[in-house]
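These numbers were taken from a predicted model, which means no experiment stands behind them. We're numbering straight along the sequence, starting at 1.
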Amino acid sequence: MKTSIKIIFAFSFIFLSCKEQKRAPEGPTQMEQVMAIHDEVMPKMGKLGKLVGELKSKVDTTEVGQQYEVAMKDLQDANKAMMDWMMNFGSRFDSDEILEGKALTEQKQQWLDEEEEKVKVLKEQINSSIEKAESLLAQ
């Protein structure tokens with residue numbers, strides 16, 4: 001049940017975030033910048049799953065097999081981190097704040113500052129886990 005709720009939320013979040021957003025004449029808002037990072041890494045989630053599948057078949061008790069297992073776990077952790085970030089972000093902000101540029105309260109502005117840092121770390125986690133897995137599979 002929880003898994004299906006997370007999946008439904010994730011797809012709803014993706015749909016809402018991909019909807020055309022208003023642009024401020026002076027450049028993207030902080031919210032738009034945060035969503036741009038999300039939109040940059042979200043398409044990589046399919047690649048994470050594909051790589052997990054490739055690595056899973058190579059996991060065994062040998063030293064090399066254990067390296068595959070570590071890389072697979074890193075990918076799974078990155079996937080979980082993305083799902084957790086989206087759930088948390090979606091619980092902190094409503095669609096008008098995300099998509100329409102609705103003004104944020106002081107508390108929500110602090111949250112947005114936090115979420116911006118979190119999504120930057122998340123981007124690095126996703127990219128580095130993919131790089132590590134691809135490098136290992138290329139050997």
Quick check: are there more than 12 heavy atoms from other residues, nucleotides or ligands sitting under 6.0 Å from NZ of K58?
-> no
Should K47 and E134 count as an ion pair when the cut-off is N to O under 4.0 Å?
-> yes
Who are the side-chain contact (heavy atoms from CB on, under 4.5 Å) partners of A36, not counting sequence neighbours?
-> none
Please tell me if the side chains of M86 and H38 come closer than 4.5 Å, counting only heavy atoms from C-beta onward.
-> yes
Would you call K73 and E69 a salt bridge, using N to O less than 4.0 angstrom?
-> no
Verify the cluster assignment for V70 and L136: are they in a single hydrophobic cluster under the rule of side-chain heavy atoms below 4.5 Å apart?
-> no
Report whether I126 and L137 are members of the same hydrophobic cluster (ILVMFWY, side-chain heavy atoms less than 4.5 Å apart, transitive linking).
-> yes
Looking at CG of L122 and CD of E117, how far apart are the two atoms once the value is rounded to the nearest 0.5 Å?
-> 12.5 Å
In terms of heavy-atom contacts, L104 and L112 come closest through CD1-CD2, 3.6 Å
CD (E63) with more than 12 external heavy atoms under 6.0 Å = no
Close side-chain approach of Q67 to T62, heavy-atom, < 4.5 Å = no
Checking side chain to side chain contact (heavy atoms under 4.5 Å, CB included) for the pair E54/M72: CA distance, chi angles, key distance, verdict?
-> CA-CA 9 Å; E54 290 178 39; M72 185 178 74; over 6 Å; no
For the residue pair L55 and A133, what are the closest heavy atoms and their distance?
-> CD1-CB, 3.8 Å
Indicate the atoms forming the closest heavy-atom contact of A78 with S129, along with that distance.
-> CB-OG, 3.7 Å
Side chains of D113 and Q109: do they bring a donor and an acceptor to under 3.5 Å?
-> yes
One should read off an interatomic distance between D74 CG and K132 NZ, to the nearest 0.5 angstrom, of 4.0 Å
Report the C-alpha separation of E114 and R92 in whole Å, then their side-chain angles, then the decisive distance to 0.1 Å, and conclude whether the salt bridge (Lys or Arg N to Asp or Glu O under 4.0 Å) test is met.
-> CA-CA 11 Å; E114 292 171 12; R92 285 182 154 188; 3.0 Å; yes
Pairing residues for E116 by the side-chain contact (heavy atoms from CB on, under 4.5 Å) criterion, not counting sequence neighbours = Q30, Q33, V34, K120
Look only at the side chain of S128 and the backbone of E124, and say whether a donor-acceptor pair between them is shorter than 3.5 Å.
-> yes
Pairwise distance CD(E97) to CG(D94) - rounded to 0.5 angstrom = 4.0 Å
Of all heavy-atom pairs linking L51 and I130, the shortest is CD1-CG2, 4.0 Å
Parallel, tilted or perpendicular: which fits the ring planes of F89 and W85, with parallel below 30° and perpendicular above 60°?
-> parallel
Show the numbers, then the answer: is there a side chain to side chain contact (heavy atoms under 4.5 Å, CB included) between M82 and L48?
-> CA-CA 11 Å; M82 176 60 131; L48 286 178; over 6 Å; no
May I ask whether V64 and L75 are part of the same hydrophobic cluster, defined by side-chain heavy atoms of I, L, V, M, F, W, Y residues being less than 4.5 angstrom apart, directly or through others?
-> yes
Give the C-alpha distance, both sets of side-chain angles, the deciding distance and a yes or no for side chain to side chain donor-acceptor pair (under 3.5 Å) between E115 and N88.
-> CA-CA 9 Å; E115 295 301 328; N88 186 52; 2.8 Å; yes
Shortest non-hydrogen contact from K108 toward F93 | O-CE2, 3.5 Å
